[in-house]
Structure formats: structure tokens, C-alpha cells
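Input: a single structure, listed below in C-alpha cells.
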There are 2 protein chains.
Amino acid sequence: MPGPIQSIERAAAMLRLLARGSGHHGLAEIAAALGLAKGTAHGILRTLQRVEFVEQDQSTGRYRLGAALLHLGTSYLDANELRSRSINWADTLAARSGHEVRIGMHLDGAVLVVHHVFRPDDTMQTLGIGGMLPLHATALGKVLLAYDAGLLATIRRAELTSLTRRTIVRPSALERVLAEVRAAGWASEAEEYMPGEAGIAAPIRMPGGLVVGAIGISGAVDRICQTANRPRQALVDHVCHAAEAVSRSLATDN
Amino acid sequence: MPGPIQSIERAAAMLRLLARGSGHHGLAEIAAALGLAKGTAHGILRTLQRVEFVEQDQSTGRYRLGAALLHLGTSYLDANELRSRSINWADTLAARSGHEVRIGMHLDGAVLVVHHVFRPDDTMQTLGIGGMLPLHATALGKVLLAYDAGLLATIRRAELTSLTRRTIVRPSALERVLAEVRAAGWASEAEEYMPGEAGIAAPIRMPGGLVVGAIGISGAVDRICQTANRPRQALVDHVCHAAEAVSRSLATDN
DNA sequence: GGCGATCGGTCGGCATTGTCGAACGGTGCT
DNA sequence: AGCACCGTTCGACAATGCCGACCGATCGCC
């Protein structure tokens with residue numbers, strides 16, 4: 001692949017860096033993190049500022065993400081087929097299961113949430129759309145890992161960070177779980193991401209069988225599971241049914 | 001200002017172009033729109049694809065926005081002070097006024113919605129966060145225009161597009177309205193953006209007095225106005241009160 | 001069914017372009 | 001007051017990305 005443009009790659013790396021830590025970063029800090037000269041980093045940031053991808057705090061001089069990115073992000077959502085096709089089914093899954101529903105896809109070694117339906121009786125305003133979840137500790141992530149061989153290799157480099165006492169941290173254990181996921185066609189998780197929380201997820205497939213995303217529910221562990229680590233069969237059926245419906249919807253042309 | 005980096009500016013222009021029309025764009029079309037050679041455009045797109053700012057439809061070869069932008073957009077939201085400071089007041093304004101609330105700021109010749117609270121009794125899922133509204137036909141936009149002299153010049157170049165029968169299209173008429181806005185300290189709009197809809201908005205100020213955004217309500221014209229073009233004074237007071245509260249909140253350090 | 005137009009993608013030469021490192025002025029700590 | 005660090009500017013070098021012509025495949029129209 002000839003000629004990836006360095007300045008653009010560097011600019012993208014800066015934006016990703018600014019997205020981490022969600023705070024204000026200084027020029028020297030940015031330059032050091034990317035291994036660039038201060039002058040070079042400044043030129044890139046100045047350009048990103050002109051196009052409003054980056055803003056600068058006038059008093060401190062530090063840099064943060066810019067407003068134009070918000071519009072680009074929602075424009076992406078509007079054009080995202082996986083999301084638009086699955087919205088209706090996500091609603092019905094939430095209604096039938098009584099739990100909140102998330103639809104995720106892989107991005108950059110994590111699960112990107114592209115849609116989120118709250119529990120019917122929940123008024124919580126924190127919408128997880130655009131948020132990132134760990135691949136190895138969520139049901140959505142396990143599904144994505146199970147059906148993407150290359151992804152697993154990427155993950156193994158990064159440490160499997162322990163989030164709760166029950167998070168899977170041994171690569172061999174994870175691989176065994178993923179084999180079970182492939183065999184069963186769905187994944188579950190109990191208190192591996194957050195204490196007291198559990199989830200169930202199933203793969204969404206493009207025509208041809210390629211897994212492009214996952215749909216799942218999550219909620220209190222005693223409502224998702226009947227015994228430890230054994231999710232309720234009725235909920236599993238609901239999730240798998242919704243996943244198949246979305247996959248079928250992706251096969252139609254309109 | 002020495003040395004804005006062209007390749008990055010071009011990449012940003014491409015992303016903006018892809019955000020418009022929210023559909024799939026072809027390489028030749030993109031190159032033509034930006035006045036670039038096909039090879040040049042291809043190199044930039046290939047790089048943007050590597051960093052997942054752009055995706056390519058495998059069957060048709062067309063380009064669309066990529067998933068990484070969604071995460072950047074929500075990361076921007078998390079760090080946005082205007083939004084985080086105003087969320088609580090937006091909720092109370094919605095409760096007191098009984099209407100949906102929006103908070104907007106200027107971006108690229110339009111109003112960028114950074115927060116949106118639905119009407120208490122409304123279950124509609126279309127969240128306008130990240131959406132763009134016209135400056136000259138909304139109450140939010142009039143506020144931003146009234147307090148930003150440079151912005152008005154930018155707008156005058158672009159045609160004042162007529163959205164309804166009552167949209168202000170004559171520049172002189174708009175300027176007279178903006179003078180009234182400055183005198184009153186708030187703006188209103190009745191069926192200038194959508195038939196049957198009206199709105200009221202007031203400015204949000206940084207410490208020092210600079211207007212950085214606007215907060216406003218909108219809803220059915222007969223619920224916002226008591227007579228044609230005369231918004232209910234009680235609602236105006238609620239909006240102005242909320243705007244001042246948010247401005248005061250921006251002045252505190254924590 | 002074959003042909004033309006158009007598509008996305010590639011390649012190599014030229015010079016424009018971005019990169020680097022050192023120097024500058026201001027600010028906030030110690 | 002001193003110092004250290006910040007963000008910013010500048011100029012020279014050469015590496016870098018830009019251009020335009022050239023492929024192969026695909027689609028649609030005769």
C-alpha cells in the first residue's frame with residue numbers, strides 16, 4: 001500500500017490522543033506522546049484548529065477537541081446502516097426482555113456503541129452512544145472477538161485489564177470461552193465488567209456471514225441469570241432472535 | 001499565520017463533504033468537488049481509511065464517514081464545558097416551561113446543537129444533539145448572530161434560504177431584527193423554520209461578556225406565543241433566567 | 001453481446017511542502 | 001528575583017505529498 005500521508009496520520013493520532021483523558025492537553029505533552037518536535041506538533045494543531053477539529057483554551061493555551069467533530073460523529077450515525085437497520089429491533093428487544101439494549105461494533109481494540117435503548121422504566125439520561133467498552137469483559141465484545149480471528153491477536157498484545165474480580169485475564173481462558181461462544185452462537189458475561197451487572201449478546205452478520213456487529217442486553221445479574229453464569233434461556237432466545245432479525249434486515253437491499 | 005498544512009485542510013474538507021448528504025460519495029465526485037486530481041484525493045482517502053475516519057463500501061467502492069468519528073464526537077461532548085455546565089439548568093427549564101430545550105453554539109455558519117432535552121411528556125427518540133440548524137431562521141441562531149459581528153458578514157454571503165413563508169430572507173430585515181434582539185436580550189421565532197413551530201432563546205456568556213452559546217425552548221406556535229409574533233412573557237422570563245444561570249455557572253472555576 | 005464511458009486504483013518524476021531544531025517572549029512556580 | 005516551562009515563531013533543508021497519465025474492471029447503453 002503506497003503512500004499513507006504522514007501529516008494526516010499524525011493529525012488523527014492527535015485527535016485520538018485528545019479523546020483519551022477527555023481533558024485539556026498541552027502542546028509539549030502532545031508532541032512528546034507522538035515523538036514529534038514541538039514545532040511540528042504546533043503546525044498540525046494550528047491547522048486542526050482552523051478547521052475546528054480542535055479548540056484552544058485562551059487562558060491556559062491547552063488544546064481540546066473541537067465542535068466540528070460532534071457534527072461529523074452524528075453524521076456518521078445517520079449514515080450507519082447497522083444502526084438504522086437495527087433501531088426498530090432494538091426497541092422490540094428492549095420491550096420483550098425488559099432490559100436495556102446496546103448495539104456495538106469493533107473500533108480500535110474496543111467495542112463502539114452505535115445504539116443504545118434504555119430500560120423502559122428507566123429515566124437515566126446517560127446515553128452510551130459513542131462510548132467504548134472493553135472487548136474481553138463484555139458480552140458484546142466476546143461476540144466480536146469470537147468471530148474475528150485477527151482481532152484476537154490485536155487484543156493479546158494489550159494486557160487484559162482486570163475490571164472486577166471475575167474479569168477474564170488469562171488469554172487461554174478467554175480463548176476457551178470464545179470457542180464456546182462460536183459453538184453456541186451467543187455470548188454472556190456476569191460481573192466481569194461491573195459488579196452486579198451481567199449481559200447477553202449475539203452476532204449481527206452481513207449477507208455472506210461476516211460478523212459486523214453485535215446486539216445485546218444488560219442489567220442486574222440476578223435478572224439476567226437464573227444461577228451463577230447461567231443466563232436465562234428465554235432472554236438468550238430473545239437476543240438471538242433479534243440478532244437474526246437484524247442480520248436478515250441487512251440482507252435486504254432497500 | 002504561517003504554514004497551514006494543506007493535506008490536513010483537504011482531509012477535513014473531505015470529511016465535511018462526506019457529512020453533507022449523509023450518503024455514499026464516489027472518488028471522482030469528491031475530487032471534483034474539491035478541485036483535486038483523482039490520485040491526490042485517493043491518497044488522502046486511503047489515509048483517512050487507515051485511521052478509520054472513513055469507510056469504503058466494498059461492493060460499490062464508494063466512501064462514507066468512519067466509526068472513529070463517532071467516538072471523537074462524543075469525547076468532545078464529554079469535555080465540552082458549555083454543555084456540562086448547562087445540563088442541569090436545561091432540565092429545570094424544560095420542567096418549568098413544559099417545552100423541549102436546546103443549547104446551541106456557532107459552527108461553520110450554522111447552529112450546532114450540543115444539548116437537547118425533550119418535552120417531559122414526549123417519548124420521541126430523535127435526539128438533535130450534533131445536528132445543525134440555520135442561523136437566520138431559529139431563535140438560537142438569531143441570538144448567536146446578534147452578538148457576533150463577524151458572523152453576520154459570513155452569513156450574508158450565503159443566501160438566506162427560505163424555509164417557510166415567514167423566513168426572513170431580506171438582509172436588511174434580518175439586521176433590524178438582530179438590533180431588537182440586542183436591545184431586548186433575547187430572540188424569538190415563529191414559523192420561520194418550520195410551520196407551526198416557534199421558539200425563544202437567550203445568550204449564554206463567558207466571564208467577560210463574550211457570547212459563546214444560546215439556550216432556548218421550542219414547541220407549537222400557539223403554546224409559545226399568545227398572539228402572532230408575541231411570545232408569552234412568562235416563557236421569555238424562564239429562558240432568560242436559565243441563560244443567566246448558565247452564564248453564572250460558567251464564571252465559577254470548578 | 002460487444003463496445004464505450006466511467007469507475008476506483010496505481011505509478012513515477014518534479015517541486016512544493018511539511019518537518020525539524022534552535023531561538024523568542026511570556027507566565028507561574030519556587 | 002530567579003528559573004523552568006509553556007506555547008509560538010522562524011528559516012533552511014530535503015523528504016514529502018502532489019499531479020497527470022496510465023491500468024483493469026465494471027456498468028450501461030447501444
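In what follows, chains carry the letters A, B, and so on, assigned in the order in which the sequence lines appear, proteins first and then strands, with residues in each chain numbered from 1. No hydrogens, no waters, no symmetry mates; every other heavy atom, side chains included, goes into these values. Given the structure is predicted, the values throughout are model-derived calculations rather than measurements.
Position along DNA chain D of the nearest nucleotide to A:E29 versus A:S7 favours A:E29 as the more 5'-ward residue.
The CZ-C1' distance, from B:R62 to D:dT26, rounds to 14 Å in whole Å. Straight-line distance from the CD1 atom of A:I44 to the P atom of D:dT8: 14 Å, rounded to whole Å. Across the protein-nucleic acid pair, B:L45 atom CG and C:dT10 atom P stand 12 Å apart, rounded to whole Å. If you measure from atom CZ of B:R46 to atom C1' of C:dC11, you get 11 Å, rounded to the nearest angstrom. Straight-line distance from the CZ atom of A:R64 to the C1' atom of D:dG7: 16 Å, rounded to whole Å. A straight line from CD of A:Q49 to P of D:dG7 spans 13 Å, rounded to a whole angstrom. Regarding A:D57, its CG atom lies at a distance of 15 Å from the P atom of C:dT27, rounded to whole Å. Going from atom CE of B:M14 over to atom C1' of C:dG8 covers 14 Å, rounded to whole Å.
Listed nucleotides C:dT10, D:dG7, D:dC18 differ in distance to A:I5; the shortest reach to its side chain belongs to D:dC18.
At least one side-chain nitrogen or oxygen of A:Y63 sits closer than 4.0 Å to the OP1 or OP2 atom of D:dT8. OP1 or OP2 of D:dT8 lies within a sub-4.0 Å distance of a side-chain N or O belonging to A:H42. Distances shorter than 4.0 Å separate none of the side-chain N or O atoms of B:Q56 from OP1 or OP2 on C:dC7.
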Where do N or O atoms of nucleotides 19-23 of chain D meet protein N or O atoms at under 3.5 Å, pair by pair?
residue, atom, partner, partner atom, Å
D:dC19, OP2, B:T40, OG1, 2.7

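Under the 6.0 Å distance and 45° angle rule, A:R205 counts as a cation-pi partner of A:Y147.
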_Verdict with reasoning, A:L18 to A:I30, per side chain to side chain contact (heavy atoms under 4.5 Å, CB included)_ = CA-CA 8 Å; A:L18 289 174; A:I30 295 170; 4.1 Å; yes
*Using the salt bridge (Lys or Arg N to Asp or Glu O under 4.0 Å) rule, take A:D108 and A:R16 through it: C-alpha gap first, then chi angles, then the decisive distance, then the call.*
CA-CA 10 Å; A:D108 212 28; A:R16 281 230 177 70; 3.4 Å; yes
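Using a 4.5 Å cut-off on side-chain heavy atoms (C-beta onward), A:L152 and A:E175 make contact. The side-chain heavy atoms of A:T60 and A:H24, taken from C-beta on, include no pair separated by under 4.5 Å.
With both ends at atom C1', the span from D:dA14 to D:dC18 equals 16 Å, rounded to whole Å.
Side-chain atoms of B:H136 come within 3.5 Å of backbone N or O of B:T161 as a donor-acceptor pair. Remark: the backbone N or O of B:I5 is paired with a side-chain donor or acceptor of A:T47 at under 3.5 angstrom.
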